[in-house]
There are 2 protein chains.
Amino acid sequence: MTIPKQTNRRKELVTIAAGLFKQESFDRTTVRMLASATGIKSGSLFHHFKDKEEILVAVIEGGLETSIEVINKQTADIEQVDQRLFAAIYGHLMTLHGENKDAHIVSIIEWKSLSTLSKSHLIRLRDEYETIWQGIIEQALEAKLLEGEAHLLRLFVLGSLNWTIQWFKPEQGLDIEQLAAKFYQSLTHQVINK
Amino acid sequence: MTIPKQTNRRKELVTIAAGLFKQESFDRTTVRMLASATGIKSGSLFHHFKDKEEILVAVIEGGLETSIEVINKQTADIEQVDQRLFAAIYGHLMTLHGENKDAHIVSIIEWKSLSTLSKSHLIRLRDEYETIWQGIIEQALEAKLLEGEAHLLRLFVLGSLNWTIQWFKPEQGLDIEQLAAKFYQSLTHQVINK
DNA sequence: TACAAAACCAAGCAAGCGCTAGGTAATAAA
DNA sequence: TTTATTACCTAGCGCTTGCTTGGTTTTGTA
């Protein structure tokens, strides 16, 4: 696999593409839409990307990398289990609903649009993210904050959080941190102590 | 809105369409694929449906109706709150992973592919389903089985369950009832008593 | 057995799709 | 100032898409 050069222009294009892919879905976003949103002609896109799928791969890659950064930063200096769990929840919701959210959302909903080859390349990033979560959940289980099996719990929890992209609008009263607190409460049957 | 006649052939087509939409997504399923899977020519499809979207609407409509039937039947004769909650979870997972699952899955993942008009028609069915859930969750809250707000809990729970379509394969050891029990346990911090 | 309605086919149109080829303009290193 | 590289445009090709039209076959009903 050749490593595509990370020019500034390319990054710009990827950001714009993320927005469109999120809004319209990958399939319904045409190269002409991408081009006009960027201010260039459709043919010029293929100077930066070999095909349309490579744009999607770049978007998802960026989304996953940011998620990993955020969760690491969020949970870095926290020792207490309950605070770590809350920070992970909050971090995840932030990458989905905060600034620059588009890429992570796309990485979730457009996974099926990837070819097998592209998936195998990106799956390492996804695994890395899930491993971090797995660790936090195992800690929380030991501390009796949660009930069940770590593996299934991770899927239940991340599923629930990911699903928020279907309904949560930060501007409708509840903000992201409040949502995180509510989720933490329903999950652990305890109130988080901030 | 004219009511489309419910011929047998139409139902057949809808079932086949559900399978393809689930496997390939609505956008990537062409009318030619639908036709050849049914054994007719692509043009003949439009004798039964006025356009491609009407097929999707029919699929989703069927999926939602079945879900409503199933949850009603599952929870009908059950009085105990814990049993009702478990039955609802189990029922939901059954419509997603049991026999004839395709339609309900499509109704979940292809919601965004609908036009505004079609959505407004189908939203009543979805509301009906969610109202049933809402009631069960409120009961469970009163019984202290759950923690939090009913409205948010419903979204968390259904999100988590819906997300199982991304990873759960009944043939990989765990069956649907076991999955339901595990989920019930992680949600309520109690073991279900069957 | 006649006949209307329903189901289907053959052929293809117009529009939109991803992508390419061959050239020009801008930028930067030598 | 030359030269190489990068960024972009013009024009359009080949293909697929959803869907239509006008006619034929099948089916059910009286």
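Letters A, B, ... are given to chains in the order of the sequence lines, protein chains preceding strands, and every chain is numbered from 1.
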- [ ] Establish, with yes or no, whether the OP1 or OP2 oxygen of C:dC8 is under 4.0 angstrom from a side-chain nitrogen or oxygen of B:His47.
- [x] no
TODO: Taking the side chain as every heavy atom from C-beta outward, state whether A:Gln83 and A:Ile192 have any pair of such atoms under 4.5 Å apart.
DONE: yes
Task: Protein-nucleotide distance (A:Leu34, atom CG; D:dC8, atom C1'), rounded to Å - done: 16 Å
Task: Single-linkage hydrophobic cluster B:Leu187~B:Trp163, side-chain heavy atoms < 4.5 angstrom - done: yes
Open item on the list: When you measure from the side chain of B:Ser186 to the backbone of B:Phe183, do you find a donor-acceptor pair of N or O atoms at a distance under 3.5 Å?
Closed with: no
Open item on the list: How would you summarise protein contacts on nucleotides 16-23 of chain D per nucleotide, using B for base, S for sugar-phosphate only and - for none, with heavy-atom distances below 4.0 Å?
Closed with: -BBBB---
Task: B:Arg10 CZ - C:dA6 P separation (whole Å) - done: 14 Å
TODO: Spell out, as yes or no, whether a donor-acceptor pair under 3.5 Å connects the side chain of A:Thr95 to the backbone of A:His92.
DONE: yes
TODO: Round to a whole Å and report the spacing from CG of A:Leu13 to P of D:dC8.
DONE: 8 Å
TODO: Starting at atom NE2 of B:His48, determine the distance to atom C1' of C:dA6, rounded to an integer number of angstrom.
DONE: 9 Å
Task: A:Lys41 NZ to C:dT24 P, straight-line distance once rounded to whole Å - done: 18 Å
Open item on the list: In whole Å, I'd like the distance from the CD1 atom of A:Ile40 to the C1' atom of D:dT6.
Closed with: 13 Å
TODO: Indicate yes or no for a side-chain donor-acceptor contact from A:Thr38 to the backbone of A:Ile40 under 3.5 Å, with no hydrogens or angles considered.
DONE: no
Task: Nearest-angstrom distance from the residue atom CG of A:Leu56 to P of C:dC19 - done: 12 Å
TODO: Please state how far atom NZ in B:Lys11 lies from atom C1' in C:dA7, giving the value in whole angstrom units.
DONE: 18 Å
Open item on the list: Check whether A:Ser42 reaches the backbone of A:Ala35 with its side chain - one donor and one acceptor, N or O, closer than 3.5 Å.
Closed with: no
